[in-house]
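Before any comments, here is the structure.
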Amino acid sequence: MSRTLFRGVNVWDGTGAPAFPADVLIDGERIHTVARQTGQLQAAGADVIEAAGKTLMPGMVEGHAHITFINAPRPTDLGDTPPEEHTLIAARNARILLDSGFTGAYSAASAKLRIDVVIRNAIEAGELPGPRLKACGPEITVTGGLGDERRAHQFRDSFAVVADGPVEILKYARLCIREGVDSIKLNVSGDDYTRAGSLPRTVMSEEEIRAGVMAAHDYNRMVNAHCRSAESVKRAVRCGVDVIYHCEHADEEALDLLESVKDRVFVGPAIGLLHAAVYEAPEGTIPAGFARGYGLGLEAAGRAYREMKKRGIRVVTGGDYGFARTPQGQNARDIEHFVNHLGYSPSEALVCATRYGTELMGIEAGLVKESMLADLLLVDGDPVADISILQNADRLLGIFKGGVAHKLNRNRLERQARAAE
Ligand SMILES: [Zn+2]
């Protein structure tokens, strides 16, 4: 078993408490000792990393990952991509996530049935570099729902699979589970950023949602739901969904329902896509109705998530990276969006990006604490003082997963240590 000793680091431990100086010993895949008395640890045979002044923190978790998204603008671009190419792209995206400091990724859906599953298996077998991955199936949608790109005269595939009625949904959910997913995805509301900026509609019935939940829970799998409208959030909570994404139009009743299940349910805004649409889309590239819908969504998220934070609802960062305006690898921008749009402090946003992410994944990481998995980042600088440094891979001097260095920039560490002498 390999041992690594980080000497003189500032530990931001994932609880939200201020960072403190410590020496940290990793033994095998877990954290062995966090010693606040520096210079005392005996670590015979350990690889010693002199990292005075650097921040050691838990690895980030992408809470709404789509490793099968190909940085393209249209949903049909995903349907048009053949499975062979698509799998290679997903493998590359998994590596990009880990290179960007994400040691965990909870998939919010896979554009094709088995891609998440095979990438997860290859990562676990040590055949591909990537974060710990929870695999999902394709988005299950109803006729006319989000992701149904078919026309009466023409079949078009997207990221979704169309299933109508409880029987079809039950059957497709069971198929996903048979093929190895950790969770299924239900599109309960639409996006509806069209038609003069109408608010998102709720299109999946409670009977249909319950069928998906029953299948998943029978096999001890999770259920994720796409819910922008208030009504869709209420249906999802009432039907036992585990992870409820977006939720920006949640009203008082929806917020009360979310609060009533806060020990069990996770929420994630996937705010990056709204931010990019409102602030970064070149003039004239978004039709007026869409633009109005995005603007309303971003405003509504600012209200809903401030309220969720007050109520102690666990919110995870990330979401919908892999579109043209939100390319893969920019996922850490979400932490800054939490601060700028949703009223979180940098430290609170970091807790969402680390500890809550690992709680969602059900893994023993997300805290720099004895006996936790050593999924860690060694950062050049203080992310609480400047959250944006996590977006710069160059500032990530070390990326460790299960105690193994995926990246360790020894040259820079040694140069900086010599310069400090
Ligand atoms: Zn998504």
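We count ligands from 1, going down the list as the structure has it; atoms in each ligand are counted the same way.
Among heteroatoms of the N, O or S kind in Asp320, OD1 lies nearest the Zn ion (ligand 1).
Rounding to 10 degrees gives 90° for the angle at the Zn ion (ligand 1) between NE2 of His66 and NE2 of His64.
Put simply, Glu139 stays out of reach of the Zn ion (ligand 1), with no N, O or S atom under 2.8 Å from it.
With salt bridges taken as basic N to acidic carboxylate O contacts below 4.0 Å, one links Glu307 and Lys310. With respect to Asp80 and Arg74, no salt bridge is recorded, no charged nitrogen being found less than 4.0 Å from a carboxylate O.
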Exercise for the section: Test salt bridge (charged side-chain N to carboxylate O under 4.0 Å, His left out) on Arg325 and Glu280 and set out the steps. Expected result: CA-CA 8 Å; Arg325 278 193 287 270; Glu280 292 167 359; over 6 Å; no
Exercise for the section: Please step through salt bridge (charged side-chain N to carboxylate O under 4.0 Å, His left out) for the pair Lys401 and Glu124, ending with a clear verdict. Expected result: CA-CA 11 Å; Lys401 196 180 93 183; Glu124 281 179 7; over 6 Å; no
